Protein chains: 2
Amino acid sequence: MASTATGSTKERLSRESLAAGALDLADREGIDAVTIRRLATEHSVTPMALYWHFKDKDAVLDGIAERVYASVVLPVPSDGPWDDQLREVLLAVLAAIRPHPLAADLLAPRIMKSEAGLVLAERVIGMLRRAGFSASEASQTASFLLCSIVTLVTSEPGKQNPLTGEAQEDVDRSKRAKLASLPPKLFPNLLESAPYFVTCDNEDEYFARGMDFLVEGTRGVRPA
Amino acid sequence: MASTATGSTKERLSRESLAAGALDLADREGIDAVTIRRLATEHSVTPMALYWHFKDKDAVLDGIAERVYASVVLPVPSDGPWDDQLREVLLAVLAAIRPHPLAADLLAPRIMKSEAGLVLAERVIGMLRRAGFSASEASQTASFLLCSIVTLVTSEPGKQNPLTGEAQEDVDRSKRAKLASLPPKLFPNLLESAPYFVTCDNEDEYFARGMDFLVEGTRGVRPA
DNA sequence: ACCTGAACACCGTTCAAGT
DNA sequence: ACCTGAACACCGTTCAAGT
């Protein structure tokens with residue numbers, strides 16, 4: 001019987017396995033569940049054991065972010081137009097982050113602390129520079145673009161909590177009820193849009209529109 | 001001697017004064033400093049006293065968000081073009097959030113839980129609907145737009161921590177050093193843009209470009 | 001090199017009790 | 001209505017000690 005994905009069976013501890021377990025835990029129960037002590041018991045080890053592999057708790061969160069950024073599969077640079085290339089790169093980042101909505105909040109502040117994040121930033125900045133952005137403009141736009149992918153994932157309706165099935169339906173119902181009880185004179189548009197705030201009717205369309213927004217926005221601020 | 005802004009002198013506790021103190025604390029030392037016990041001592045009261053005014057800690061954080069959203073001064077609806085109106089509203093939101101970079105992370109997930117946040121959402125959705133967006137499109141775009149204002153504020157270079165003066169300079173220096181030590185063959189663009197990642201050279205320009213991006217992006221995804 | 005034991009300061013929260 | 005005292009379960013972290 002080999003080790004499980006969570007690494008629960010006896011096997012040497014390692015930065016890698018601990019970070020993997022941490023990401024897994026965050027995916028299942030949310031970031032707040034990622035705790036030194038919880039992680040330790042999941043690996044059948046004493047809390048203090050983790051301090052051999054990580055400086056402190058923040059370092060294990062860094063480890064989570066690193067793993068996600070490292071999972072981005074960047075497309076090979078093509079010679080197509082810059083905005084098509086940008087879209088492809090952003091899509092690759094989205095594909096990597098989308099499976100981790102509950103861990104996504106960790107990502108944005110940690111791009112520049114992560115090796116793989118730096119590679120991403122380099123790539124995006126490079127594309128923007130070739131499109132005519134100055135060094136200052138490119139860095140600002142690149143970091144906004146990467147943060148926006150995270151926003152897209154975290155603010156997808158109905159993906160904010162670790163619940164599933166029964167419990168999720170209950171939450172959805174009560175959200176709907178709350179919105180439906182708003183005064184119709186003051187909130188006509190919100191009432192009409194209410195269902196789309198609690199559940200995403202078409203995820204692919206949602207993300208496609210998000211991508212369009214980001215590419216169009218970038219084109220819009222591109223220096224003449 | 002009347003009460004101070006933090007409400008440290010003896011005066012009855014209230015939801016309002018507690019939320020104000022919490023926001024102030026978050027602004028000074030960051031969200032993690034906002035703790036039931038810390039807040040209690042700042043108001044010369046026992047930790048359990050807070051539970052009379054708030055259900056739990058999350059409700060305190062809701063209170064912070066509510067205060068920020070309530071501070072938005074919406075422009076009176078004009079009859080100008082939809083994109084100019086959108087820009088004005090987004091600018092108003094930005095103006096309210098900008099003074100609270102360290103508290104901004106609380107805001108995005110709490111728009112729909114806050115009275116003032118609902119008003120904002122209603123307003124933006126209304127504008128988008130008049131511009132031709134469907135109910136589904138409008139809700140998605142509106143929530144992305146509001147989240148993006150937060151992103152703009154939180155990811156402004158150099159505004160991520162509670163430090164000031166001396167200590168801030170030290171952090172900046174070490175960040176610069178770290179970036180400067182990257183292999184130039186692999187990170188040519190990042191090296192060139194490095195300074196702009198640690199300090200914002202021109203805040204107003206930064207936010208102006210952000211606003212342009214959001215308006216242009218919205219225009220770009222507007223249904224034909 | 002890698003992990004444990006004991007200890008510390010801090011946290012959110014409940015519940016019964018005071019005024 | 002509004003606040004306190006005592007208690008509980010949980011947290012991150014240090015430091016000396018084991019193997």
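Computed from a predicted model, the values in this text were never measured in an experiment. By convention in this document, chain letters (A, B, ...) are assigned in the order of the sequence lines, proteins followed by strands, and residues within each chain are numbered from 1.
Of the candidate nucleotides C:dT14, D:dT13, D:dC3, D:dT13 has the atom nearest to the side chain of A:Y51. Checking C:dG12, D:dT4, C:dA6 against every side-chain atom of B:T46, the shortest atom distance belongs to D:dT4. Side-chain proximity of A:H53 to D:dC2, D:dG12, C:dC3: nearest is C:dC3.
The partner of D:dG12 is C:dC8, by the rule that a Watson-Crick or G-U pair needs both atom distances under 3.5 Å. Across all strands shown, D:dA1 is found opposite C:dT19 as a Watson-Crick or G-U wobble partner, with both distances under 3.5 Å.
Of the residues near DNA chain D, A:K57 and B:A49, the one whose nearest nucleotide (by heavy atom distance) lies more toward the 5' end is B:A49. The residue among B:A33 and A:R37 whose nearest nucleotide of DNA chain C is located toward the 5' end is A:R37.
Side-chain contact between A:I111 and B:F197: absent, with no pair of heavy atoms (C-beta onward) separated by less than 4.5 Å.
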N/O to N/O distances under 3.5 Å, protein versus nucleotides 17-19 of chain C:
none

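Here the closest non-hydrogen pair linking B:G158 and B:Q168 is O-NE2, 3.7 Å. Between B:R15 and B:H53 the shortest heavy-atom distance is NH1-O, 3.2 Å. Smallest separation of non-hydrogen atoms from B:A108 and B:V150: N-CG2, 4.3 Å.
Atom pair A:D56:CG and D:dT14:P shows a separation of 8 Å (rounding to whole Å applied).
By the 4.0 Å N-to-carboxylate-O rule, A:E16 lies close enough to A:R67 to be salt-bridged with it.
Between B:I97 and the choices B:V72, B:L152, B:L107, B:T154, the side chain to side chain contact (heavy atoms under 4.5 Å, CB included) rule is met once, by B:L107.
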